[in-house]
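Within every chain, numbering begins at 1; the chains are lettered A, B, ... in the order of the sequence lines, protein sequences first and strands thereafter.
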Amino acid sequence: MEILRSYVEQILAPALTELGVNGDHWKAMIAPSRERTMGDLSLPCFAFAKQLGMAPNLIAEKLQSIIKTTEVISEINSTSGYLNFKISSTWLAKFILSGQIRVGDATGKYPSGKRSVLIEHTSANPNGPFHVGRARNAILGDTLVRLHRLHGNEVRAEYYVDDMGKQVAVLAWALANLSTDRVEEILADREPLNESWKDKADHERVRWYQAAQVLRNDDEIKNDIEREIAAMVHASENGDDNVLTSFENAYQPVLDGMLQTLGRLGITFDEFTRESLFVTNGDVAKVMRQLSNLEIHGIADNGAEYLDLGARGLKGKTEFYFRRGDGSSLYATRDIAYHIWKFKQCENLINILGEDHKLQSKQVSLTLTELGYSTPEVLFYSFIKLPEGKMSTRKGNVVFMDDLLEEAKAHAAQVVREIRSDYNTEQIDEIAEAVGTSAVRFNIIKVSPDKGFTFRWEEALSFDSDSAPFIMYSHTRTRSIAKKCHDLGVNVAQNNDLNLSEIPESMYELLRIIACHNDILARAVEQSRPNLFANQLLNLANYYNGFYRDCKVIKDGVVNHTFFAISEIASKLLKSGMIGLGITPLEQM
RNA sequence: GGCCCCAUAGUGUAGCUUGGAUAUCACACUGGUUUGCGGAACCAGUAACCCGUGUUCGAAUCGCGGCGGGGCCGCCA
């Protein structure tokens with residue numbers, strides 16, 4: 001609870017001086033109390049023991065006896081070497097009711113101009129539909145975009161489109177050379193295309209991609225195919241317009257289909273940047289010339305060039321190749337050109353990458369440093385597995401995001417139908433869509449990014465626990481109460497009608513969690529850990545429910561203005577926080 | 001084989017940077033309350049620091065060594 005910090009320091013300073021503690025290094029030691037019942041901020045006294053020749057618990061007790069409570073700090077206690085400070089409920093209520101807690105807006109309407117960041121996320125190869133593993137990137141990335149905006153940062157969300165290279169070439173080759181019948185013949189032993197997606201290009205065209213992958217393993221013809229594909233790749237890397245156009249015709253409908261899926265999850269981008277740009281505009285050639293002049297530069301027998309990053313602390317395989325023997329560039333080389341370009345757009349970069357990109361990302365960063373540029377922050381995430389092993393678009397053992405969203409929606413509709421028999425089909429459909437997509441997002445962001453997990457249908461479709469629907473329901477309840485107040489002719493709580501003489505425990509608890517709300521948001525943003533804020537929103541919803549139980553906003557047809565004002569503040573924080581996580585706030589559900 | 005990441009109750013998670021309280025919070029589970037300003041609610045209880053070792057008055061936290069899970073080690077992307 002950072003709002004309390006300066007007040008604690010203020011009363012602590014003279015007391016510590018009196019005891020004989022000099023300097024202000026103790027300020028850094030003040031930390032949130034471990035348990036809420038003890039206090040809000042605590043000072044561990046162990047570090048003073050040696051200097052003062054006193055036991056820590058005696059120091060804490062001594063300090064407690066010296067320090068007097070204030071209007072802000074209503075309780076000071078000492079337990080086993082800790083001095084605990086608890087915030088005054090009355091002061092806190094006044095503070096919060098005076099509107100001093102920033103609500104924020106995750107859609108970016110009210111940037112504070114604090115910081116401007118360019119977040120690149122997703123950037124999936126446009127060769128097939130999203131499966132839940134690939135979608136972790138998009139969901140984490142988009143949530144980070146939203147949380148930065150909620151925090152007040154200006155954000156540009158960017159998708160780097162891989163419009164050249166082998167994966168796209170394979171797709172283009174297949175579409176040009178294989179008939180529909182031929183594709184189905186090759187994939188005869190696999191699951192057929194799900195009828196629901198037969199007009200969605202990402203689902204449709206991935207079969208061409210998969211069929212081509214099968215043929216590339218066929219000993220009789222693979223050499224011919226490989227030669228044709230290599231020629232296309234080579235041409236694309238030299239900026240051949242015809243080939244790049246054929247690539248675009250192949251992948252763009254696929255990308256559109258993929259973006260349609262993301263759109264359903266509320267994920268959009270401000271900018272799409274194509275990899276080929278840096279080949280055609282000469283940036284890549286320029287970067288390669290610069291790299292060739294570096295001290296750590298080396299040349300292989302066939303003319304391929306690399307940097308020896310071992311000289312810069314890289315362990316394991318230290319040669320980082322940036323130019324092939326035939327003079328063409330590699331993916332990482334183009335990525336360096338892309339980063340240099342990104343730094344011209346914005347000085348703070350964040351990338352969201354799968355853990356398989358760790359080495360690559362390290363190589364890019366070391367090289368950028370070598371060239372005198374700064375480096376991006378990177379959020380790495382582990383993969384989502386299936387109980388039977390890892391997912392692979394190539395092999396076809398995946399759970400498609402489109403299928404998951406449909407299942408989640410169907411499940412949500414079933415629950416709503418049971419609970420709200422009076423809703424019509426249209427209402428149920430709208431609620432089910434919001435609940436289904438929100439639940440899917442939340443189940444992914446509540447897990448720490450660096451931990452892998454196994455996808456289970458049962459868990460993905462579970463709404464009854466620590467889930468988005470729980471938060472959504474609390475928010476809906478706040479709206480329902482506000483509507484009732486409105487019906488009673490009370491639209492806004494009257495400030496002069498507030499009564500703070502008696503503050504119930506559960507209201508105090510809600511106020512305390514509200515007071516920490518933006519501390520948690522700041523930490524989630526600074527450390528790129530959306531799961532921290534997901535947990536905060538769950539807590540907020542929980543404490544609101546406790547408040548709701550004990551503090552009746554409307555009793556016997558009369559509105560309690562104090563409770564109503566608190567309820568409305570919680571409602572706003574819930575709503576802005578939900579949008580920050582990509583959960584859809586509803587008026588009724 | 002080499003390098004990197006992860007490991008806290010049944011599940012998820014905080015704490016680890018800067019060692020110090022009875023290890024946080026939520027869900028699940030068990031028991032209870034309650035017919036509600038929306039019960040998708042509330043209250044209570046059970047339950048965990050991967051193993052070993054070192055440093056220390058004190059280790060979830062720091063060092064070393066293991067086990068387990070994941071990733072990487074292409075002139076692929």
Side-chain angles (χ1 to χ4, degrees), chain A residues 25 28-29 31-36 38 42 44-47 49 56-57 60 79-82 84 125 127 162 164-168 233 275 300 302-306 314-319 321-326 328-332 334-335 354-360 362 380 382-383 385 390 415-416 418-420 435 443 446-448 450-453 459 462-467 469-474 476-485 488 506 529 531-532 534-536 538-539 541-542 545-546 548-557 559-560 563-564 567 588-589:
Chain A
H25 60 281
M29 289 157 54
S33 305
R34 203 184 62 198
E35 279 175 50
R36 296 176 62 80
M38 292 167 174
S42 298
C45 298
F46 303 92
N57 58 334
T79 50
S80 43
Y82 283 81
N84 305 310
N125 285 325
N127 60 1
D162 180 6
M164 53 189 298
K166 202 165 267 179
Q167 303 226 31
V168 190
V233 171
E275 192 176 341
N302 68 349
E305 297 181 63
Y306 61 88
L314 188 68
K315 290 179 183 169
K317 196 206 171 213
T318 61
E319 295 93 0
Y321 280 88
F322 63 88
R323 193 200 296 269
R324 293 199 186 96
D326 66 4
S328 62
S329 65
L330 285 111
Y331 172 80
R334 301 192 287 271
D335 203 23
E355 62 176 338
D356 56 335
H357 278 67
K358 275 187 179 171
L359 175 59
Q360 159 98 28
K362 183 91 185 156
F380 291 107
S382 289
F383 296 124
K385 293 183 299 178
K390 46 192 242 186
V415 174
V416 178
E418 275 171 26
I419 304 174
R420 315 273 174 234
V435 168
N443 283 340
K446 76 178 180 189
V447 178
S448 178
D450 55 9
K451 288 179 189 169
F453 69 93
E459 286 169 20
S462 140
F463 303 158
D464 56 0
S465 52
D466 46 346
S467 66
F470 174 78
I471 297 168
M472 295 170 78
Y473 190 79
S474 283
T476 312
R477 178 178 276 156
T478 66
R479 298 328 304 143
S480 172
I481 289 171
K483 188 171 173 296
K484 275 221 163 71
C485 290
L488 290 168
S506 45
R529 290 165 73 191
N531 58 303
L532 298 182
N535 194 52
Q536 164 63 17
L538 225 31
N539 281 334
N542 245 312
N545 289 342
Y548 160 82
R549 179 196 67 237
D550 295 337
C551 307
K552 307 283 183 219
V553 173
I554 301 163
K555 199 171 184 184
D556 305 326
V559 176
N560 178 318
F563 293 161
F564 183 38
S567 177
Q588 59 171 32
M589 63 185 280

From the options [options], select the nucleotide whose nearest atom is closest to the side chain of [X].
| X | options | value |
| --- | --- | --- |
| A/N302 | B/A26, B/A40, B/C75 | B/C75 |
| A/K315 | B/C76, B/U22, B/C3 | B/C3 |
| A/S80 | B/A40, B/A21, B/C25 | B/A21 |
| A/L359 | B/C25, B/C43, B/C72 | B/C72 |
| A/P469 | B/A40, B/A77, B/A41 | B/A40 |
| A/K166 | B/C42, B/A21, B/C76 | B/C76 |
| A/V416 | B/A40, B/A77, B/C42 | B/A40 |
| A/R334 | B/A77, B/C75, B/C5 | B/A77 |

Taking only the side-chain nitrogens and oxygens of [X], find out if one of them lies under 4.0 Å from OP1 or OP2 of [N].
| X | N | value |
| --- | --- | --- |
| A/N127 | B/A77 | no |
| A/R324 | B/C76 | yes |
| A/Y473 | B/A40 | yes |

Name the nucleic acid region contacted by [X], choosing base, sugar-phosphate or nothing; use a 4.0 angstrom heavy-atom cut-off, strictly under.
| X | value |
| --- | --- |
| A/M38 | base |
| A/E305 | nothing |
| A/S42 | base |
| A/A28 | nothing |
| A/I481 | base |
| A/G325 | base |
| A/N57 | nothing |

Who is the Watson-Crick or G-U wobble partner of [N], with both distances under 3.5 Å?
| N | result |
| --- | --- |
| B/C42 | B/G32 |
| B/C3 | B/G71 |
| B/A21 | none |
| B/A47 | none |

Test ring-ring contact (aromatic ring centres under 6.0 Å, His included) applied to A/F380 - qualifying residues, sequence neighbours left out: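 Partners of A/F380 by the ring-ring contact (aromatic ring centres under 6.0 Å, His included) criterion come out as none, since no residue qualifies.
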Partner residues of A/Y473 under the ring-ring contact (aromatic ring centres under 6.0 Å, His included) criterion, sequence neighbours left out: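 Here no residue qualifies.
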Take atom [atom1] of [X] and atom [atom2] of [N], then tell me their distance rounded to the nearest Å.
| X | N | atom1 | atom2 | answer |
| --- | --- | --- | --- | --- |
| A/E35 | B/C25 | CD | C1' | 11 Å |
| A/L538 | B/C25 | CG | C1' | 9 Å |
| A/D550 | B/A41 | CG | C1' | 12 Å |
| A/L314 | B/C72 | CG | C1' | 11 Å |

Suppose you measure atom [atom1] in [N] against the same atom in [M]; what distance do you get, rounded to whole Å?
| N | M | atom1 | result |
| --- | --- | --- | --- |
| B/C6 | B/C64 | P | 15 Å |
| B/G54 | B/U8 | P | 25 Å |
| B/G2 | B/U46 | C1' | 46 Å |
| B/A14 | B/A9 | C1' | 14 Å |
| B/U61 | B/U17 | P | 10 Å |
| B/G15 | B/U53 | P | 28 Å |
| B/U18 | B/G45 | P | 37 Å |

Closest contact, heavy atoms only, A/Q167 versus A/N125: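 Smallest interatomic distance, heavy atoms only, reads NE2-ND2, 2.8 Å.
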Exercise: identify the closest heavy-atom pair between A/Y306 and A/A300: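 Here A/Y306 and A/A300 meet closest at CE2-N, 4.1 Å.
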Contact state string [nucleotides 63-71 of chain B, B base, S sugar-phosphate only, - no protein heavy atom under 4.0 Å]: -------SS
Could you list all N or O pairs between the protein and nucleotides 29-32 of chain B that sit under 3.5 Å apart?
none

Show me the protein contacts with nucleotides 11-15 of chain B, counting only N or O atoms at under 3.5 Å.
residue: B/U13; atom: OP1; partner: A/S448; partner atom: N; Å: 3.0
residue: B/U13; atom: O3'; partner: A/N531; partner atom: ND2; Å: 3.2
residue: B/A14; atom: OP1; partner: A/R529; partner atom: NH2; Å: 2.8
residue: B/A14; atom: OP1; partner: A/N531; partner atom: ND2; Å: 3.1
residue: B/G15; atom: OP1; partner: A/R523; partner atom: NH1; Å: 2.6
residue: B/G15; atom: OP2; partner: A/R529; partner atom: NH2; Å: 3.0

Main-chain N/O of A/A31 paired to A/S42 side chain as donor or acceptor, under 3.5 Å: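 Answer holds: no.
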A/T476 side chain vs A/M472 backbone, donor-acceptor pair below 3.5 Å: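 Yes, because the side chain of A/T476 sits within donor-acceptor range (under 3.5 Å) of the backbone of A/M472.
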Those residues that, when tested against A/R36, pass salt bridge (charged side-chain N to carboxylate O under 4.0 Å, His left out) (two or more places apart):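 Once residues adjacent in sequence are excluded, the partners of A/R36 under the salt bridge (charged side-chain N to carboxylate O under 4.0 Å, His left out) criterion are A/E509.
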A/F470 ring over B/A40 six-membered base ring, under 5.5 Å and 30°: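 Per 5.5 Å and 30° rule: no stacking.
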